[in-house]
There are 2 protein chains.
Amino acid sequence: MAITIADVAREAGVSAMTVSRALREPGKVSAKSLQKIRSVIDRLGYVPDPAARALAAGRTNVIGVIVPSVTNNVFADVMAGIYSRAEGTDWQVQLGNSRYSPLEEERLVRTFLSQRPAGLIISGIDQSAATAAALRSASCRIVQVMETGPEPFDMMIGFSHLEASRAAARHLVAAGYRKPGFIAARLDPRTQRRLEGFRDIVREAGLIDPRRIITTPRASTVTLGCELTADLLARAPDTDAILCNNDDLAMGALFECQRRGIDVPRQIGICGFNDLEMMAVANPAVTSVKTYRLDMGQRAMEMMIAALSGEDPRETWVDLGFEVVARDSTRGPAPVSRIV
Amino acid sequence: MAITIADVAREAGVSAMTVSRALREPGKVSAKSLQKIRSVIDRLGYVPDPAARALAAGRTNVIGVIVPSVTNNVFADVMAGIYSRAEGTDWQVQLGNSRYSPLEEERLVRTFLSQRPAGLIISGIDQSAATAAALRSASCRIVQVMETGPEPFDMMIGFSHLEASRAAARHLVAAGYRKPGFIAARLDPRTQRRLEGFRDIVREAGLIDPRRIITTPRASTVTLGCELTADLLARAPDTDAILCNNDDLAMGALFECQRRGIDVPRQIGICGFNDLEMMAVANPAVTSVKTYRLDMGQRAMEMMIAALSGEDPRETWVDLGFEVVARDSTRGPAPVSRIV
DNA sequence: TTGACAAATGTTAGCGCTACCATATAGCGT
DNA sequence: ACGCTATATGGTAGCGCTAACATTTGTCAA
């Protein structure tokens with residue numbers, strides 16, 4: 001039926017082993033054989049069977065990637081970075097979607113590991129005990145992305161969500177806002193840490209007010225940003241700034257304020273998180289915490305490929321940092337409100 | 001090293017074949033054996049090796065999915081739909097990202113087919129000749145998503161981009177706009193057809209003006225929507241409506257108009273494409289052509305699974321349609337401009 | 001020409017599983 | 001008790017490839 005390595009070997013007048021070598025270690029095959037084999041491969045359209053390869057060699061060229069969402073911009077960008085660095089190499093990316101479920105993540109890790117992957121790229125540092133155990137005893141390389149933390153399984157690249165939200169909160173306080181609130185959807189561990197960062201700084205400044213912290217387990221959307229903003233303003237109408245857990249919510253907050261005739265930034269300041277390109281062109285332009293998502297994916301893949309190629313003494317723990325990009329939406333409250 | 005089926009068989013006091021059957025056709029194994037085998041599997045933590053399975057059986061449980069982009073909302077939604085229907089089944093989704101390149105798509109199809117997938121879900125109807133040939137001679141089931149067209153390789157689910165953009169253009173004309181323009185980024189085949197639909201209707205209405213059609217090969221972003229709108233207004237300042245090839249561009253158009261103090265919808269009407277949830281909460285709410293992306297992914301997977309389960313006499317060609325959701329952004333031009 | 005060594009190529013066995021067919025066992029009517 | 005069928009289980013072979021070792025061929029100095 002399909003062309004096998006034996007067919008190629010016969011046509012080329014060499015043994016199967018030589019064909020196998022020509023494919024994987026061309027340097028160990030004479031130029032003459034190599035040329036002949038390659039022409040036969042082209043003519044017959046031979047493609048090696050990865051299953052047979054995996055079974056015989058005991059390993060694959062698969063790099064598994066596990067993300068909590070495929071629709072969330074953040075992970076989509078990381079994925080795009082990963083794919084862009086995989087393209088043109090022999091490494092094959094395989095994507096798993098855990099849908100924010102630790103159980104599903106555990107199942108995915110098991111499935112991946114049963115395939116003897118060359119490597120695994122996994123999001124975050126909050127794996128379940130079972131998942132962590134499986135990963136620790138895994139024989140493949142691992143890169144954790146999205147966050148930095150103290151005890152990587154292997155390699156790690158991300159940034160501190162805690163520090164990032166602290167910086168954003170500090171920015172709001174420094175801009176003169178005195179009644180800042182926080183809205184968040186989908187309370188995953190990263191969101192939790194961002195809320196923690198907000199709490200730290202606002203408490204420190206003596207501005208904490210639990211009424212101004214609104215969260216929901218629902219998935220984040222712009223529409224939800226409107227709703228959470230409405231909730232916040234219903235519970236604490238004098239709120240003068242909103243730190244939004246992501247940019248979708250921030251856009252929603254902006255739209256809701258516009259609709260109510262609330263002046264942004266003079267009555268309410270708005271700050272987002274991730275700095276989607278959209279934020280810079282909104283009216284007013286929205287302040288956000290810039291994160292390096294595409295870069296994260298690309299460099300995660302680079303680290304993985306370097307490690308798999310045996311170039312071990314490379315960086316294995318990278319903090320990409322972040323940047324609070326101050327824009328008009330947090331230029332500060334109206335002077336009059338400070339006087340009152 | 002790892003647990004194999006032979007280990008399980010030995011522990012359970014049966015042959016490897018019986019274990020294999022217990023896993024794939026439990027109905028053909030006695031209740032007693034089944035129970036024993038299952039308890040041993042649990043105890044040892046046995047997971048079948050998919051490579052060995054694939055090699056022995058000559059087929060896999062992999063369903064390959066090829067999309068042109070992982071960051072584009074549209075494909076992300078379709079992917080989410082696909083993943084949601086795959087969860088809990090034994091089918092394993094494997095994602096390929098062609099990055100809008102026909103060559104990369106061809107490579108991906110070859111790679112997937114070499115793995116003897118159970119099925120392939122591929123975007124669109126514009127495959128290269130080589131890709132089409134490979135797909136036609138493939139022995140797996142195929143679902144084409146995103147578009148409808150006359151000659152599916154196998155199964156198909158999508159909608160007519162031509163008809164959708166015609167409907168949107170008709171809506172603009174019916175709302176009273178007389179100088180409609182069109183902006184588009186990333187001229188993939190679907191974009192081309194949408195442009196065609198716009199041209200059809202606007203020409204028919206005697207309102208065509210080539211100056212008002214602005215396209216670019218660059219990837220679509222909100223920022224680019226601003227730029228294209230600026231271009232359009234520079235080339236044809238009297239433009240009174242913009243049909244945007246997608247919602248990112250539409251948001252950009254809206255932001256640009258806001259910045260310039262142009263009244264939407266009275267001076268310029270704006271219509272997007274896809275109806276992202278954001279459109280309904282913008283100010284003004286933006287008209288858009290609603291498409292059923294999540295549904296498309298879910299039903300594509302359902303069709304695939306049904307076909308693979310042998311339930312053949314099901315629907316194999318589905319037009320999901322679309323809906324022009326009219327909102328404030330196209331309520332019509334100011335009366336005064338009609339008098340003039 | 002010869003031996004020594006490196007480079008190139010071949011042989012054998014087996015990765016873990018399932019298709020296929022053979023055999024054993026149970027259930028049942030007569 | 002017998003044969004018959006249906007159900008359950010096992011044995012054998014092989015999927016396509018590569019690791020490990022074995023063998024052949026080429027190269028060069030003495």
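A, B, ... follow the sequence lines: proteins, then strands. Residue 1 opens every chain. Note that the coordinates shown come from a computational prediction; the quantities given were computed from them, not determined experimentally.
Residues passing the side-chain hydrogen bond (donor to acceptor under 3.5 Å, both in side chains) test with B/Q127: none are found, sequence neighbours excluded.
Near DNA chain D, defined here as any heavy-atom distance below 4.0 Å, the residues from residues 43-56 of chain B are B/L55, B/A56, listed numerically.
Taking the 5' to 3' direction, DNA chain D first and last meets chain A under 4.0 angstrom from a heavy atom at D/dG16 to D/dA20.
A side chain to side chain contact (heavy atoms under 4.5 Å, CB included) with A/Y46 is found for exactly one of A/I37, A/V8, A/D7, A/V40, namely A/V8.
A salt bridge links B/E104 with B/R107: at least one charged nitrogen is closer than 4.0 Å to a carboxylate oxygen. The pair A/R190-A/D188 meets the salt-bridge criterion, with a side-chain N (NZ, NE, NH1 or NH2) lying under 4.0 Å from an Asp/Glu carboxylate O.
Atom CZ of A/R99 is surrounded by more than 12 heavy atoms from other residues, nucleotides or ligands within 6.0 Å. Open room surrounds CD on A/E151; 12 or fewer heavy atoms of other groups in view lie less than 6.0 Å from it. Atom CG of B/D90 has 12 or fewer heavy atoms from other residues, nucleotides or ligands within 6.0 Å.
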When you compare the protein's N or O atoms with those of nucleotides 4-10 of chain C, which come within less than 3.5 Å of each other, and at what distance?
{"residue": "C/dT9", "atom": "OP1", "partner": "A/S30", "partner atom": "OG", "Å": "2.9"}
{"residue": "C/dT9", "atom": "OP1", "partner": "A/S33", "partner atom": "OG", "Å": "2.6"}
{"residue": "C/dT9", "atom": "OP2", "partner": "A/S30", "partner atom": "N", "Å": "3.0"}
{"residue": "C/dT9", "atom": "OP2", "partner": "A/S30", "partner atom": "OG", "Å": "3.4"}
{"residue": "C/dG10", "atom": "OP2", "partner": "A/S15", "partner atom": "N", "Å": "2.7"}
{"residue": "C/dG10", "atom": "OP2", "partner": "A/S15", "partner atom": "OG", "Å": "2.9"}
{"residue": "C/dG10", "atom": "OP2", "partner": "A/T18", "partner atom": "OG1", "Å": "2.8"}
{"residue": "C/dG10", "atom": "O6", "partner": "A/R21", "partner atom": "NH2", "Å": "2.6"}

For residues 28-35 of chain B, please give each side-chain donor-acceptor pair under 3.5 Å, one per line with the distance, not counting sequence neighbours.
{"residue": "B/S30", "atom": "OG", "partner": "B/S33", "partner atom": "N", "Å": "3.3"}
{"residue": "B/S30", "atom": "OG", "partner": "B/S33", "partner atom": "OG", "Å": "3.0"}

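What separates CD of B/E25 from C1' of C/dA19 is a distance of 11 Å, to the nearest Å.
Taking CG of A/L135 as the start and CG of A/L113 as the end, the distance is 6.5 Å to the nearest 0.5 Å. Interatomic distance, CE of B/M304 versus CD1 of B/I121, reported as 5.0 Å (0.5 Å rounding). One finds the CD1 atom of A/I82 at 8.0 Å from the CG atom of A/L95 (value rounded to the nearest 0.5 Å). Considering CG of B/D126 and CZ of B/R193, their distance stands at 4.0 Å, rounded to 0.5 Å. Expressed to the nearest 0.5 Å, how far CD1 of A/I305 lies from OG1 of A/T89 amounts to 4.5 Å.
In this structure, the helix from C/dT1-D/dA30 to C/dT30-D/dA1 shows an angle of 40° between the axis at its start and the axis at its end, each fitted on 5 base pairs and rounded to 10°.
Residue B/S20 places no side-chain N or O under 4.0 Å from the OP1 or OP2 atom of C/dC17.
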